[in-house]
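Inspection log for the structure reproduced underneath, given as structure tokens.
Throughout, protein chains are lettered first and strands after them, A, B, ... in sequence-line order, and every chain is numbered starting at 1.
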Amino acid sequence: MRASGRRVPVLLALASAALIAADTVTPLEPLRAFGSAVFGGLEDAASAGVRWASGEHRVAELERENARLRADLLAARRTIPSPAQADGYRVVSAHVIGFGRDGTVTVDTGSDAGVTRDMTVFDGDGLVGRILRSGPGTATVQLATASGASIGARLEGSREVGLVTGVPEHGLLRLSLLNASAEVKPGDRVVTLGSRDMRPYVPDVPIGTVVTVEPAPDALTRTALVRPFARFTALDLVTVVLGPLPDAAAVDASAAESEAGSEAGGEAGGGDADAAKSGEKNQKKAKGA
Amino acid sequence: MKAVVLSVLVVLLAPVLQVAVVNGLSLPGGGPDVVLVAVIALAALLRPGAGAFLGFAAGLAADVAPPADHTIGRLALVMCLAGWVCARVTADGAAGRRAAVAAVVALGATLAGGVLAALLDGTPWGTALAPGAVAWTVGLAALVAAALALLPRRRSFGRVPRSRDGSRDRYGRGRRLA
């Protein structure tokens with residue numbers, strides 16, 4: 001009697017241990033895909049219910065936020081001198097529908113919308129993180145503050161290169177500059193360095209500002225604590241970068257179209273420099289309109 | 001039958017409630033682990049084997065529900081044991097005793113889960129054993145267990161009928177002794 005009463009829990013505990021061992025050796029992606037297929041839709045529905053319950057003014061609020069994001073995006077493209085930024089990106093916007101305990105969140109867009117792993121996610125404030133994996137209708141985002149995250153970064157002013165890692169306890173990030181004698185002071189802005197093929201991170205997305213410079217005992221690297229721009233506990237609308245646009249003119253044209261309601265001819269730029277230039281032209285056009 | 005339906009509901013909905021609602025509230029200190037609370041509350045009304053199975057299923061669900069990015073099986077192991085212990089230990093006691101058992105099991109499971117998180121996934125100890133989250137979980141588990149114990153129909157709920165007879169109930173004696 002006793003023995004049969006114990007057999008079930010012992011077997012289940014062994015099964016759990018076997019799962020842990022298996023997942024440590026080879027990640028059990030099919031199981032996670034199954035999980036996101038089953039629970040993704042439920043989370044989406046629950047989150048939509050919460051949003052609906054929290055008031056009808058949400059739509060207006062989101063529209064305002066959307067407009068602000070577009071404006072920010074345009075402004076960012078205009079001011080930052082990096083040529084890469086002049087390129088438009090194909091993006092898809094998404095809601096954050098679930099907050100995890102592992103420095104991850106779920107967004108309500110997935111492989112249906114072309115989202116795959118290692119894509120940049122940002123919101124109106126700054127960098128949020130990168131796509132870790134995507135299911136049919138949802139995707140998991142690893143936040144910049146997650147303990148496993150590391151992001152190539154640079155100081156916006158001096159262009160010094162470093163690495164940003166998560167310090168999850170305090171919601172801060174740690175910037176390690178490769179150049180040990182680099183000048184860094186509180187208030188400096190930190191942006192992403194950008195990766196090859198724009199994955200996992202596109203360049204020049206604002207990450208945060210330096211709050212304190214840590215004393216360097218080994219003097220091999222220079223480290224500083226960075227307060228992120230994005231509010232990771234109150235994420236809502238985020239943008240996922242799908243990839244570069246075929247030409248820069250088209251995105252600016254479409255931005256201009258939706259901003260000012262004017263019809264803008266998509267003049268295709270030839271080379272990279274050309275594309276940047278024509279992008280600028282289109283932005284001016286949008287301003288004029 | 002009712003217990004099966006409730007168990008399926010817990011397995012399907014508790015992880016969703018956790019990630020879509022509770023974690024999004026940004027409660028001070030982190031917020032409770034509602035999956036663990038649901039397992040503890042419901043396992044107290046089940047037989048030990050069923051309690052262990054409920055814990056395993058709910059833990060596995062919480063392991064694979066989308067934003068989770070930790071080793072699969074970690075929560076399944078902890079909650080399987082929590083469900084089993086809770087189903088075994090909880091006697092036909094008063095609300096206070098049930099609440100105490102639930103609180104102790106919740107505390108043990110949260111601490112064990114935190115240790116596993118730190119060892120398996122490299123979660124910093126401060127995050128893995130955040131006192132705020134532990135306090136939320138323990139408090140909510142005690143509260144829910146007490147509330148369920150005060151419900152009038154708890155005796156006939158999800159149990160083998162005629163549990164007092166002894167002849168049909170394989171666990172009756174063990175439970176009362178424990």
Tyr201(A), OH: over 12 other non-hydrogen atoms inside 6.0 angstrom:
yes
Nearest 0.5 Å, please: how far is OG1 in Thr71(B) from CG in Leu19(A)?
11.0 Å
Specify the closest pair of heavy atoms between Gly31(B) and Arg101(A), including all atoms of both residues, with the distance to one decimal.
O-NH2, 3.0 Å
Tell me, for Phe56(B) versus chain A, whether the close heavy atoms (under 4.5 Å) come from the side chain, the backbone, both or neither.
side chain
Do side-chain atoms of Asp69(B) reach the backbone of Asp102(A) as a donor and acceptor pair under 3.5 angstrom?
no
Between OG of Ser147(A) and CG of Asp121(B), what distance do you get to the nearest 0.5 Å?
8.5 Å
Among residues 11-20 of chain B, those lying within the under-4.5 Å heavy-atom range of chain A are Val11(B), Leu12(B), Pro15(B), Val16(B), Gln18(B), Val19(B), Ala20(B)
So if I take each residue of residues 117-144 of chain A and look for any heavy atom under 4.5 Å from a heavy atom in chain B, which residues do I end up with?
Leu132(A), Arg133(A), Thr138(A), Thr140(A)
Let's test your reading of the structure: which of Ala68(B), Gly51(B), Pro67(B) forms the most heavy-atom pairs below 4.5 Å with chain A?
Pro67(B)
Rounded to the nearest 0.5 Å, how far does CG of Leu81(B) lie from OG of Ser16(A)?
7.5 Å
Counting heavy-atom pairs under 4.5 Å with chain B, the top scorer among Val10(A), Val38(A), Val105(A), Leu12(A) is Leu12(A)
What part of Leu120(B) gets within 4.5 angstrom of chain A, counting heavy atoms only: side chain, backbone, both, or neither?
side chain
Search all heavy atoms of Ile72(B) against all heavy atoms of Asp23(A) and return the closest pair with its distance.
N-OD2, 2.6 Å
With chain A as the partner, which of Gly73(B), Ala61(B), Ala52(B), Pro66(B) has the greatest number of non-hydrogen pairs under 4.5 Å?
Pro66(B)
Heavy-atom pair count under 4.5 Å with chain B, highest-scoring of Ala46(A), Gly35(A), Ala37(A), Ala17(A)
Gly35(A)
